[in-house]
Amino acid sequence: MVQFLAHAENGKYQSAFAEFIRQIGLHRSWKDAWKQTFGDINGFEDKWKLYWMTLPDQPTQTLYAQAAVSAMTSFLARASAEGQTFEAFGPFAQAGRRRLLKMRADESLPPKYFDEMLEMGLSMGTFTLEGGRGKGPSIRLQMQSGVRLVGTFSLKDNRRVDKVMTEIVGEKPVPLRRAPQF
């Protein structure tokens, strides 16, 4: 249930869950705290069961992929801020492995981090680098599971990294698990 309240529906229940815990800490009964933060309990068990039954066999794999894409995008953003460009992911990866990515000293990232995140991402799928129409380049990871992630970035004054964003743009449906017994 905690995993559901923390992660289901893109974190929809996180703030209510935090408030529920806070109220219990103030010695409210769990029933009163639940009613005040989540409302009626009807339907909750069905939602929780459905969430649990549709978790993939490796529910954190997409989170690891998201970390890998975010890391690769962070390196690309820093190189782009220094005017470095790449036509494809291969030359970008090669430059990273050879420690040839340009970065401002005050925005540098550990080279070993590049290697670790690159290998982790490659173990899950295929990276590509795509130039956006009118936008900067983006890093994409097509996972073997069917999930696709896209990493983008924005620069402040075209010289400093402002934001790095990673979006999950496609998920393959997962088979249902057996329902937990109550």
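Note that OG1 of Thr85 is 10.0 Å distant from CG of Leu76, once rounded to the nearest 0.5 Å. For the atom pair OG (Ser70) and CG (Leu63), the distance works out to 10.5 Å, reported to the nearest 0.5 Å. For the atom pair CG of Asp162 and CZ of Phe153, the computed distance is 11.5 Å after rounding to the nearest 0.5 Å. Atom CZ in Phe75 sits 13.0 Å away from atom OG in Ser80 (nearest 0.5 Å). Leu149 CG to Ser138 OG: the interatomic distance, rounded to the nearest 0.5 Å, is 12.0 Å. Within the model, atoms NZ of Lys47 and CD of Glu9 stand 5.0 Å from one another, a figure rounded to the nearest 0.5 Å.
Looking at every heavy atom in both residues, Ala33 comes nearest to Ile24 through CB-CG1, 4.2 Å. Counting all heavy atoms, side chain and backbone alike, Leu141 lies closest to Gly125 at CD1-C, 3.8 Å. Between Thr62 and Ile168, the shortest heavy-atom contact is CG2-CD1, 3.4 Å.
Cluster membership for Met165 and Val69, using ILVMFWY side-chain heavy atoms within less than 4.5 angstrom, is not shared. Connection of Leu26 to Ile21 is not established within any shared hydrophobic cluster, with ILVMFWY side chains joined at heavy-atom distances below 4.5 Å, either directly or through further cluster members. With hydrophobic clusters built from ILVMFWY side chains whose heavy atoms lie under 4.5 angstrom apart, Leu100 does not share a cluster with Met117.
A donor-acceptor pair is defined here as one N or O able to donate and one able to accept, closer than 3.5 Å; such a pair exists between the side chain of Arg99 and the backbone of Gly96. Glu167 places no side-chain N or O within 3.5 Å of a backbone atom of Thr152 that could act as its donor or acceptor partner.
Taking Tyr51 as the reference, Phe4 meet the ring pair (Phe, Tyr, Trp, His ring centres under 6.0 Å) condition, with sequence neighbours excluded.
The environment of CE in Met1 is sparse: at most 12 heavy-atom neighbours from other residues, nucleotides or ligands sit within 6.0 Å.
Note on ring orientation: taking the six-membered ring where Trp is involved, the planes of Phe92 and Phe114 are perpendicular (angle over 60°, cut-offs 30° and 60°). The aromatic rings of Trp30 and Trp34 sit perpendicular, their planes meeting at an angle over 60°, well past the 30° parallel limit.
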From CA spacing to verdict: side-chain contact (heavy atoms from CB on, under 4.5 Å), Gln61, Val147: CA-CA 10 Å; Gln61 187 175 36; Val147 175; over 6 Å; no
side-chain contact (heavy atoms from CB on, under 4.5 Å) between Met103 and Leu109, intermediate numbers included: CA-CA 8 Å; Met103 288 183 249; Leu109 297 169; 4.3 Å; yes
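When each of Phe20, Trp48, Phe38 is checked for a side chain to side chain contact (heavy atoms under 4.5 Å, CB included) with Leu5, only Phe38 meets the rule.
Within the structure, salt bridge (Lys or Arg N to Asp or Glu O under 4.0 Å) contacts touching residues 75-96 (residues at least two apart or in different chains) are Glu82-Arg159.
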